Amino acid sequence: MSVTVLVGAQFGDEGKGKIVDYLASDMDMVVRFQGGDNAGHTVVNEKGVFKLHLVPCGIFKDGCKALANTGMVINPDELLKELSEISSQNVDTGNMFISSRAVILMPYHIELDSLGEKTGISIGTTKRGIGYAYADRSRRTALRFEDLLDLDYCRTRIAKIMGGINAELKAKGGKTFTEEEIYDKCVFWAEKLASRIVEPVSFVNNAINKNENILFEGQLGAMKDIDLGIYPYVTSSNPVAAYAAVSSGFPISKIDEIVGVMKAFTSAVGDGPFPTEMEGAEADGFRGDGKNVDDEFGARTGRARRLGWLDLPIIKFAATINGFTKIAVCKIDKLDTYDEIKVCVGYKLNGKEIDYMPTSRDLYKVEPIYRTMKGWKTDTTKIRRYEDLPDEVKDYISLIETYVGVKVGYIGVGPAREDIIVR
Ligand code: GDP
Ligand code: IMO
Ligand code: MG
């Protein structure tokens, strides 16, 4: 009987997949509302270990509808691959639906993204074609899933757009595509996916009107928002809660709960400013060697993540632009062995403390102000009740709550669904 939106509060990879999978037990529908297969959402539950890219993390709950919605750019080949992988692990994917208004991410978007990273301004994208698919949406040259339902119309759209696409590819020294090969792909995708395509506005609003429990699952995090994040080192969509309503076509006033997911420290992949970043061996302490599911390597690209201490001005900024009603803090257990834990509680810019989030230009220059907290030196991974946590963990949580002004409702103490403390 409620609408919940769940988003990342940092630079992505905060543990959204785990929290969505946990919350899905109460949901009738889970909706991905932006991004594409640049996402890597890790889920560890009784069905196995999964790294989801396009499929909403609610797919594991029997009977829960999973919708890849309008704000997304979807590579159909990747979606088919992912659906076949998860169904081979005994997950029923019959309830997975796709918005007719979602953009089809094409092979040429991937080619253009790779060329852009090589020859343009490199920002360390996932090279999945995301920015170029959104650019086509904006210049109204994208194909959408609805076009797969009318292949004659689809063919005329392809004939109109391929000239411009190939001219751009040629100019940048890339591989070109024939109209025929793109059309053949569309025919194949239509055959495989047409039965999953739905009219999304009524699909979502009917569920809201029926008082179903719906969870909107964000991708990435606040600092990578195209308007409000560390431009230009951002993604090409808005990973903020309001965009769930904007892109799905329901009134913002229908949102009951906004959950911000954060890590107990900070991580990022790709370029851009990162005030509390650690170097060398210090960062390796958080990273692990890649053998465990929760080691700090990108769930999408496998790149070693950049790591640093918790940056509270970032969480406060994320809470401000999203309106968090609750916070989930993941990976508290990764701080279990530290004698002392540093937390950034402010920034100085040109020697003066500031009370706003600067843009990239100045964020590169800020000097973090740290508070040092006493570590708890206790294994938290088996703890399931807040009362049983060491006082030092409670102090850490309380610092977050006081600084940000939002209650911490969930604390992650391990990668699996049940490794969670609910308050
Ligand atoms: P997402 O993109 O926000 O879904 O996050 P990712 O899956 O990319 O990265 C989060 C990583 O942290 C994954 O490896 C998860 O298995 C892991 N993880 C999530 N919550 C916890 C937690 O509370 N403790 C530990 N140790 N690992 C966690
Ligand atoms: P989840 O949903 C972390 C980063 C890329 C790059 C920038 C733009 O798992 O949190 P893009 O391919 O979107 O054009 O790249 O955004 N990035 C992510 N970083 N987690 C993600 O997703 C990411 N998706 C994109 O590294 O810096
Ligand atoms: Mg991720």
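Counting convention: from 1, in listed order, for ligands and their atoms alike. This one's a predicted model, so the numbers in the text were calculated from it and none came from an experiment.
Counting atoms of ligand 2 from 1 in the listed order, those under 4.0 Å from a heavy atom of Gly270 are 26 (O), 27 (O). Set against the non-hydrogen atoms of Phe11, the atoms of ligand 2 under 4.0 Å away are 3 (C), 19 (N). Near Val293, meaning under 4.0 Å from any of its heavy atoms, are these atoms of ligand 1: 14 (O). Atoms of ligand 2 found under 4.0 Å from any heavy atom of Lys16 (numbered from 1 in listed order, with element): 1 (P), 2 (O), 10 (O). Residue-ligand proximity, His41 to ligand 2, at heavy-atom distances under 4.0 Å covers atoms 1 (P), 2 (O), 9 (O). In summary, the atoms of ligand 1 found under 4.0 Å from a heavy atom of Gly17, numbered by their order in the structure, are 4 (O). The ligand atoms of ligand 1 that sit less than 4.0 angstrom from a heavy atom of Lys334 are 26 (N). Near Thr42, meaning under 4.0 Å from one of its heavy atoms, ligand 1 places the atoms 4 (O), 6 (P), 7 (O), 13 (C), 14 (O), 15 (C), 16 (O).
Protein heavy atom nearest atom 25 (C) of ligand 2, with residue, atom name and distance: Leu220 CD1, 3.5 Å. Closest protein heavy atom to atom 19 (N) of ligand 2: Val269 CG2, 3.2 Å. Of the protein's non-hydrogen atoms, Gly40 O, 3.5 Å is the one closest to atom 6 (P) of ligand 1. Closest protein heavy atom to atom 12 (O) of ligand 2: Thr126 OG1, 2.5 Å. For atom 19 (C) of ligand 1, the nearest protein heavy atom (residue, atom name, distance) is Lys18 CD, 3.8 Å. Gln219 NE2, 3.1 Å is the protein heavy atom nearest to atom 24 (N) of ligand 2. For atom 10 (C) of ligand 1, the nearest non-hydrogen atom of the protein is Asp13 O, 3.6 Å.
Contact analysis leaves Asp113 out of contact with ligand 2, as no non-hydrogen atom separation drops below 4.0 angstrom. Within the structure, ligand 1 has Gly414 among the residues with a heavy atom less than 4.0 angstrom away. In this structure, Gly124 is part of the shell of residues with a heavy atom less than 4.0 angstrom from ligand 2. Within the structure, the closest approach of His53 to ligand 1 does not fall below 4.0 Å when heavy atoms are considered. Close to ligand 2: Arg303, with a non-hydrogen atom less than 4.0 angstrom away. For the pair Ala299 and ligand 2, no heavy-atom separation below 4.0 Å is found. For Val413, the closest heavy-atom approach to ligand 1 falls below 4.0 Å. In this structure, Asp419 falls outside the shell of residues with a heavy atom less than 4.0 angstrom from ligand 1.
Checking only distances, Lys263 never comes within under 3.5 Å of ligand 1, N or O to N or O. The shortest N or O to N or O distance between Gly15 and ligand 1 is below 3.5 Å. Of the N or O atoms in Ala299, none lie within a sub-3.5 Å distance of an N or O in ligand 1.
Side-chain contact between Leu307 and Thr266: absent, with no pair of heavy atoms (C-beta onward) separated by less than 4.5 Å. Counting heavy atoms from C-beta on, the side chains of Leu52 and Ile86 come closer than 4.5 Å.
Under 4.0 angstrom from ligand 1, the non-hydrogen atoms of Asp333 all belong to its side chain.
Asp21 contributes no side-chain N or O that, together with a main-chain N or O of Gly17, makes up a donor-acceptor pair within less than 3.5 Å.
Taking the six-membered ring where tryptophan is involved, the planes of Tyr108 and Phe177 are perpendicular, since the angle between them exceeds 60° and thus also 30°.
Among the candidates Phe286, Trp309, Phe274, Phe11, the single residue satisfying the ring-ring contact (aromatic ring centres under 6.0 Å, His included) test with Phe265 is Phe286. Evaluated for a salt bridge (Lys or Arg N to Asp or Glu O under 4.0 Å) with Asp13, the options Arg305, Lys224, Lys18 yield exactly one hit, Arg305.
For the Mg ion (ligand 3), the nearest N, O or S atom contributed by Asp13 is named OD1.
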